[in-house]
Amino acid sequence: APVTGAVRPPSVRLDANDDAPYERAMLAALDAKKPLPVRAVGGKSASLMRLYGTPGVSSYVPGGYAITVDFFAEWTAAVTASREWAAAEPKLGTPEGPRLCVG
């Protein structure tokens, strides 16, 4: 199903296609004919995908794949629904937060 809309920090630069719907996938080839938006693959992968489509530049771009945010969706849902997350989340922005993320 297509994904629409996104929450992003104000510092993230939007490209023309960043708010456009895209097809969900867990893995995206960096040399895809239609680059995915930043919100689907992150800034580095989205930039590499755009470079592949740039004449005269694509031969210098390393090949590869990007794991998309959809790959992590089920895991993220399970973590954020856990008792452990509910207990830790309010503390993450406090001085105690870094200790919660170790070990």
Side-chain angles (χ1 to χ4, degrees):
V3 177
T4 58
V7 176
R8 64 183 128 326
S11 61
V12 174
R13 186 178 67 81
L14 293 179
D15 291 315
N17 73 338
D18 205 50
D19 281 330
Y22 68 93
E23 290 299 317
R24 289 180 181 262
M26 291 191 186
L27 190 66
L30 295 178
D31 63 352
K33 298 289 185 219
K34 184 177 179 189
L36 292 176
V38 170
R39 72 178 194 276
V41 292
K44 184 180 230 176
S45 294
S47 294
L48 289 170
M49 292 174 114
R50 282 192 304 276
L51 286 172
Y52 262 111
T54 305
V57 176
S58 60
S59 62
Y60 298 100
V61 181
Y65 295 87
I67 296 174
T68 70
V69 297
D70 294 313
F71 177 87
F72 296 99
E74 190 173 320
W75 176 83
T76 302
V79 168
T80 57
S82 71
R83 288 188 321 255
E84 293 84 356
W85 179 259
E89 185 180 28
K91 300 173 188 173
L92 292 177
T94 70
E96 185 183 3
R99 289 194 311 263
L100 295 171
C101 298
V102 176

Between G53 and P55 the two heavy atoms that sit nearest each other are O-CD, 3.4 Å
Under a single-linkage definition using a 4.5 Å side-chain heavy-atom cutoff for Ile, Leu, Val, Met, Phe, Trp and Tyr, are V38 and I67 assigned to the same hydrophobic cluster? no
Might you point out which heavy atoms bring A86 and P90 nearest each other, and give the distance in Å? O-CD, 3.3 Å
Contacts of V69 meeting side chain to side chain contact (heavy atoms under 4.5 Å, CB included) (sequence neighbours excluded), chain-then-number -> Y22
With side-chain hydrogen bond (donor to acceptor under 3.5 Å, both in side chains) as the rule and sequence neighbours excluded, what pairs involving residues 57-66 come up? none
Of all residues at least two apart in sequence or in a different chain, which pass the side chain to side chain contact (heavy atoms under 4.5 Å, CB included) check with T76? F72, T80
If you apply the rule side-chain contact (heavy atoms from CB on, under 4.5 Å), what do you find for L27 with T68, and how did you get there? CA-CA 6 Å; L27 190 66; T68 70; over 6 Å; no
Distance-minimising heavy-atom pair for L30 and Y52: O-CD1, 3.0 Å
Shortest non-hydrogen contact from A46 to V41? N-CG2, 3.6 Å
Minimum heavy-atom distance between L36 and M49, given as atom pair plus value: N-SD, 3.6 Å
Any idea which heavy atoms bring R99 and P95 closest together, and the distance? NH1-O, 4.3 Å
Do any pairs count as a side-chain hydrogen bond (donor to acceptor under 3.5 Å, both in side chains) and have a residue in residues 82-92, sequence neighbours left out, and if so which ones? W85-E89
